[in-house]
Enquirer: 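Sharing a structure with you now.
On a predicted model such as this, the values are computed, not experimentally measured, just so you know. The analysis underlying the following values was restricted to heavy atoms, covering all of them including side chains, and did not include hydrogens, waters or symmetry mates. We're numbering straight along the sequence, starting at 1.
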Amino acid sequence: MEALVALATAGGGAVVQAAGTDAWNGLRNGVARLVGRGNAEREQVVLERLDRTRATVEAAGDGEDRERVHVAQAAMWQTRFETLLEEAAEPERERIAAALEALIAQAGTAPEAERVHNDFRQATFHGPVQGSGTQNNHF
């Protein structure tokens, strides 16, 4: 049971991590198929939930609010994955677990859409400069 919770936790994190990246469409469709379990209407409901998750994650500001939103969204999907795994009979549970592991791996290996590399060697600045991340300036 502990392994299922860990897998569901990783799945919830993967959904949030993939929002806003190149991995999103593949993960979105895979999660809809997995959670919808072959039912087109259920798959559509899952797709709509995933789209709301992405919009919520992308709308989150920086700092504590962003972290709170990420944690809440990941927990929501973790619960969905836990329920899916717990309600499945053993042979089906193994198939679901394998599919969820594949989706997690897919989300983890996709390039990030917002990856930034800054090289400031031999640069001269006359004022505040932000390469990436959060910067606080006090004047």
Enquirer: For residues 82-89, tabulate all N or O donor-acceptor pairs below 3.5 Å that involve a side-chain atom, not counting sequence neighbours.
Expert:
from : atom 1 : to  : atom 2 : distance (Å)
E82  : OE2    : Q78 : NE2    : 2.7
T83  : OG1    : T79 : O      : 3.0

Enquirer: Testing the basics here: between A19 and V57, what is the closest heavy-atom pair and its distance to 0.1 Å?
Expert: CB-CG1, 4.0 Å

Enquirer: Is there a side-chain contact between F81 and V35 (heavy atoms, below 4.5 Å)?
Expert: yes

Enquirer: Within the structure provided, determine whether R93 and L4 are in side-chain contact (heavy-atom separation under 4.5 Å).
Expert: yes

Enquirer: Indicate the atoms forming the closest heavy-atom contact of A23 with A107, along with that distance.
Expert: CB-CA, 4.2 Å

Enquirer: Do you know which two heavy atoms are closest between R66 and A60, and how far apart they sit?
Expert: CA-CB, 3.9 Å

Enquirer: Evaluate whether atom CD of E90 has more than 12 neighbouring non-hydrogen atoms of other residues, nucleotides or ligands under 6.0 angstrom away.
Expert: yes

Enquirer: May I ask you to say whether E58 pairs ionically with R54, meaning some side-chain N is under 4.0 Å from a carboxylate O?
Expert: yes

Enquirer: Could you tell me if the side chain of E41 sits less than 4.5 Å from the side chain of V45, heavy atoms only?
Expert: no

Enquirer: So which atom in A32 and which in L50 form the shortest heavy-atom distance, rounded to 0.1 Å?
Expert: N-CD1, 4.2 Å

Enquirer: Identify the two heavy atoms, one from A99 and one from L34, that lie closest to each other, and give their separation to 0.1 Å.
Expert: CB-CD1, 3.7 Å

Enquirer: Do the non-hydrogen side-chain atoms of R49 and M76 ever get within less than 4.5 Å of each other?
Expert: no

Enquirer: Taking the side chain as every heavy atom from C-beta outward, state whether W24 and V15 have any atom pair closer than 4.5 Å.
Expert: yes

Enquirer: Is any side-chain heavy atom of L7 less than 4.5 Å from a side-chain heavy atom of I104?
Expert: yes

Enquirer: When you look at V31 and L47, which way does the side chain to side chain contact (heavy atoms under 4.5 Å, CB included) test go after all the steps?
Expert: CA-CA 8 Å; V31 168; L47 287 170; over 6 Å; no

Enquirer: If the condition is side-chain hydrogen bond (donor to acceptor under 3.5 Å, both in side chains), which residues does N39 pass it with, not counting sequence neighbours?
Expert: none

Enquirer: Is the shortest side-chain heavy-atom distance between R28 and D51 below 4.5 Å?
Expert: yes

Enquirer: Within this structure, what is the NE2-CG distance for the pair H70 and D65, rounded to the nearest 0.5 Å?
Expert: 9.5 Å

